[in-house]
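Take a look at the structure below.
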Number of protein chains: 2
Amino acid sequence: MAEVETNMHEDLRRAFALLSGKWKLEIMWLLYERVYRFGELRKAIPGITQHMLTAQLRELEADGLVVRTVFAEVPPRVEYEITPKARALGPTMEALIAWWNEYGKSVPAKPGGRGRKATSR
Amino acid sequence: MAEVETNMHEDLRRAFALLSGKWKLEIMWLLYERVYRFGELRKAIPGITQHMLTAQLRELEADGLVVRTVFAEVPPRVEYEITPKARALGPTMEALIAWWNEYGKSVPAKPGGRGRKATSR
DNA sequence: CGGAATCCATAGTGATACTG
DNA sequence: CAGTATCACTATGGATTCCG
């Protein structure tokens, strides 16, 4: 059969790239619950700048993870919401959190020094 | 009540950080199958430099995702293998790949221009 | 209100040469 | 063989100012 030897690590990298960015996960985490306006996101994410918020949202939008809706009002209003595509990632993200809680915090594999020694064979 | 409001996105970010690095996923993907020597990894990963391979392996080691074993031979031999911690990530990574294959390649949510328009309310 | 434009600091990545 | 050291480049993140 095909047995494409699927460059799975390629897919993995590309999928990973979509989520890479200091604030993307936090943004998506908020949007997971409800729709947010630009200013709301800014207030909800302490430490982020407009520059970064704009940039990250633009990337998320380009990747089809969030939808940006502009209301022709004055003053202007812009709302952001996540797409089904992003929502489908929920379980996987939770699995990653579960992994972290189980393995990430203990860090048992840390014997004496760096690198194990082995006496030849 | 505890109800820690679990900074899940914090855990998520830290877990994510462990895997961030241009070559880490590819390295782990290889080590998933068997033990590799330094030179083998270099040949198996086209485009990587010794510098980067060393750096990424060191980080993976520090994070407890791979184990480095030095054999006191001449010429020197160093082997790398993944830890149970890293191996436990397998299913999650596969879930991410599955997500990518289902949602990542279509990218349907791309109507006319950037940002949807909405006529006031 | 929700940006864009500009300038700047840092970290990650990469090529090359040298070493135990 | 398996690194380390050095330098250069690029991407990312951030502060500030200005605009429709």
Side-chain angles (χ1 to χ4, degrees), chain A residues 13-14 16-27 30-31 35-63 66-81 113-121, chain B residues 13-14 16-27 30-31 35-63 66-81 113-121:
Chain A
R13 247 165 66 168
R14 298 203 53 186
F16 224 77
L18 295 194
L19 309 172
S20 295
K22 191 169 178 179
W23 308 95
K24 283 186 185 175
L25 292 173
E26 187 155 1
I27 292 170
L30 287 169
L31 295 183
V35 169
Y36 272 80
R37 299 182 53 174
F38 186 87
E40 286 179 325
L41 281 174
R42 186 145 64 104
K43 276 172 283 186
I45 305 176
I48 199 172
T49 61
Q50 302 99 314
H51 179 73
M52 286 313 301
L53 181 53
T54 301
Q56 304 275 285
L57 283 170
R58 285 289 187 280
E59 290 185 21
L60 288 171
E61 186 195 3
D63 294 333
V66 312
V67 171
R68 176 172 178 265
T69 306
V70 181
F71 293 86
E73 302 174 351
V74 43
R77 178 160 63 104
V78 180
E79 289 183 351
Y80 294 90
E81 61 182 317
R114 268 200 306 116
R116 259 173 24 201
K117 296 246 184 157
T119 57
S120 188
R121 186 187 296 273
Chain B
R13 247 165 65 168
R14 297 204 53 186
F16 224 77
L18 295 194
L19 308 173
S20 295
K22 190 168 180 181
W23 309 95
K24 283 186 185 175
L25 292 174
E26 188 156 0
I27 292 171
L30 288 170
L31 295 184
V35 169
Y36 273 80
R37 299 181 54 172
F38 185 87
E40 286 178 326
L41 282 173
R42 186 145 64 105
K43 276 173 284 187
I45 306 176
I48 199 172
T49 61
Q50 303 97 316
H51 182 72
M52 284 315 299
L53 181 53
T54 301
Q56 304 275 285
L57 283 170
R58 286 288 187 280
E59 289 185 23
L60 288 171
E61 188 195 0
D63 293 335
V66 311
V67 171
R68 177 173 177 264
T69 307
V70 182
F71 293 86
E73 301 174 351
V74 47
R77 180 161 62 105
V78 180
E79 289 184 350
Y80 294 90
E81 61 183 317
R114 269 201 307 116
R116 258 172 26 200
K117 295 246 182 154
T119 56
S120 186
R121 186 188 298 273

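By convention in this document, chain letters (A, B, ...) are assigned in the order of the sequence lines, proteins followed by strands, and residues within each chain are numbered from 1.
Atom CG in B:L53 sits about 17 Å away from atom P in C:dT16, given to the nearest Å. As rounded to whole Å, 6 Å separates atom C1' of D:dA2 from atom CZ of B:F38. Straight-line distance from the CD atom of B:E40 to the P atom of D:dA2: 8 Å, rounded to whole Å. In this structure, A:L57 atom CG and C:dA4 atom C1' are separated by 14 Å, rounded to whole Å. Atom CZ of A:F71 is separated from atom P of C:dG2 by 11 Å (rounded to the nearest Å). Between the P atom of C:dG12 and the CZ atom of B:F16 lies a distance of 15 Å, rounded to the nearest Å.
No contact: B:R42 has no heavy atom under 4.0 Å from any strand.
Contact check for B:L25 versus A:F16: side-chain heavy atoms found under the 4.5 Å cut-off. Using a 4.5 Å heavy-atom cutoff, the side chains of B:V66 and B:E81 are not in contact.
A search for side-chain hydrogen bond (donor to acceptor under 3.5 Å, both in side chains) contacts involving B:R42 returns nothing, not counting sequence neighbours. Take A:F38 and apply the ring pair (Phe, Tyr, Trp, His ring centres under 6.0 Å) test, not counting sequence neighbours, and it matches no residue. Scanning for side-chain contact (heavy atoms from CB on, under 4.5 Å) contacts around A:A44 gives A:L30, A:Y36, with sequence neighbours left out.
For B:Y36, no side-chain nitrogen or oxygen approaches OP1 or OP2 of D:dC1 to under 4.0 Å. Note on A:R58: a side-chain N or O is less than 4.0 Å away from OP1 or OP2 of C:dG3.
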Anything under 3.5 Å between a donor and an acceptor, one on a side chain of residues 46-57 of chain B, the other on a protein residue two or more places apart or in another chain? List them.
| from | atom 1 | to | atom 2 | distance (Å) |
| --- | --- | --- | --- | --- |
| B:T49 | OG1 | B:M52 | N | 3.2 |
| B:T54 | OG1 | B:Q50 | O | 2.9 |
| B:Q56 | OE1 | B:W23 | N | 3.2 |
| B:Q56 | OE1 | B:K24 | N | 3.3 |

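Note on the helix from C:dC1-D:dG20 to C:dG20-D:dC1: terminal axis deviation equals 50°, with five pairs used at each end and the result rounded to 10°.
Of the inter-residue distances, the one linking B:S20 atom OG with B:R13 atom CZ reads 11.0 Å to the nearest 0.5 angstrom. Note: B:E26 CD to B:L31 CG = 11.0 Å, rounded to the nearest 0.5 Å.
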Protein heavy-atom contacts under 4.0 Å, written 5' to 3' over nucleotides 13-20 of chain D as B (base), S (sugar-phosphate only) or - (none), form the string SBB----B
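Here the closest heavy-atom approach between residue B:R37 and residue B:E40 is recorded as N-OE1, 2.7 Å.
Listed candidates were C:dG2, D:dT4, D:dC1. Nearest to the side chain of A:V78 is C:dG2. Checking C:dG2, D:dA2, D:dG3 against the side-chain heavy atoms of B:R77 singles out D:dA2 as nearest. With D:dT4, C:dC1, C:dG3 as the choices, the nucleotide that has an atom nearest any side-chain atom of A:R37 turns out to be C:dC1.
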